Amino acid sequence: MKEYYDLRAPYYDDWWIGAARDRPGWAEEIEDAMATVASLPAARTLDIACGTGYLTQHLPGEVVGLDQSASMLAEARRRLPEGEFVPGDALSLPFSDGSFERIFTSYFYCHLVEDERVRFLAEARRVAPELVVLGSRHGSGEAAERWEDRPLKDGSRWPVFKRVFDPDALAAELDGDVLHAGRWFVVVRSA
Ligand SMILES: C[S@@+](CC[C@H](N)C(=O)[O-])C[C@H]1O[C@@H](n2cnc3c(N)ncnc32)[C@H](O)[C@@H]1O
């Protein structure tokens, strides 16, 4: 997956922007969802799998972004030159226990298969007492989990695992509460 995201990094944000074209209300809804997250009490936050920093910039408090892709981190640093970004593996975090007050993660938890989810949740809970997860809401007729065959601009194709979420089911899975449940996005907070 590291190579997939390294290759995709220069145009990754096209997805955030482009999806709005055929998904009514997408751009407005992500603003709403992030406004909800931004209104949480300021906290020392680790944004795990921060990508280009598209959402990192809205997180309240002192924020560190972590990603395993050097190309993604380069984009994040370009976007937020004053930001703190570190390379690292979300499944083996380079931080000691309790280093943060909150973990935020967007469009990462949804890509983890079951054994990775278990490792991720153990790591997240080890370094912070609070976890906020953002992902896609399950649409009607859509498979709740699937392997997608994703093309990149260079013609390469990549198998990517993806889950989409029922808000209450994700809240139950994470032992948390639903912060946002719209047409396109779900945000759950577990503290
Ligand atoms: C779909 S992107 C989401 C990026 C960003 N959070 C967002 O919502 O725009 C997934 C990100 O996870 C990162 N990633 C994948 N596996 C990782 C791992 N094991 N440790 C850290 N980052 C990882 C990728 O490099 C990529 O930046």
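These numbers come from the heavy atoms of this one structure, side chains and all, not from hydrogens, waters or symmetry mates. Remember, it's 1-based here, ligands and their atoms both numbered in the order they're listed. Computed from a prediction, not measured in an experiment: that's the story for all the values here.
With hydrogens and angles left out, the side-chain atoms of T36 and S39 include no donor and acceptor closer than 3.5 Å. Judged by distance alone, the side chains of R125 and S190 do bring a donor and an acceptor atom under 3.5 Å apart.
The aromatic ring centres of W26 and W15 sit less than 6.0 Å apart.
Counting Ile, Leu, Val, Met, Phe, Trp and Tyr side chains that sit under 4.5 Å apart, directly or through other members, V133 shares a hydrophobic cluster with L46, I48, V64, L66, V86, L91, L93, F95, F100, I103, F108, Y109, L112, F120, L121, V127, L131, F165, L170, L174, V178, V186, V188.
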In a simple table, one pair per line, please give the protein and ligand 1 atom names for every N or O pair closer than 3.5 Å, along with the distance.
from, atom 1, to, atom 2, distance (Å)
ligand 1, 6 (N), A49, O, 2.6
ligand 1, 6 (N), S106, O, 2.8
ligand 1, 8 (O), S106, O, 3.3
ligand 1, 8 (O), S106, OG, 2.6
ligand 1, 9 (O), Y12, OH, 3.4
ligand 1, 9 (O), W16, NE1, 2.8
ligand 1, 16 (N), Q68, NE2, 3.3
ligand 1, 19 (N), Q68, OE1, 3.4
ligand 1, 19 (N), D89, OD1, 2.9
ligand 1, 20 (N), A90, N, 2.8
ligand 1, 22 (N), Q68, N, 3.2
ligand 1, 25 (O), D67, OD1, 2.6
ligand 1, 27 (O), D67, OD1, 3.3
ligand 1, 27 (O), D67, OD2, 2.7

Open item on the list: Applying salt bridge (charged side-chain N to carboxylate O under 4.0 Å, His left out) to R119 and E116, what does each step give before you reach the verdict?
Closed with: CA-CA 5 Å; R119 289 165 62 197; E116 293 170 329; 5.9 Å; no

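Between R44 and E101 no salt bridge is recorded (no basic side-chain N to carboxylate O distance below 4.0 Å).
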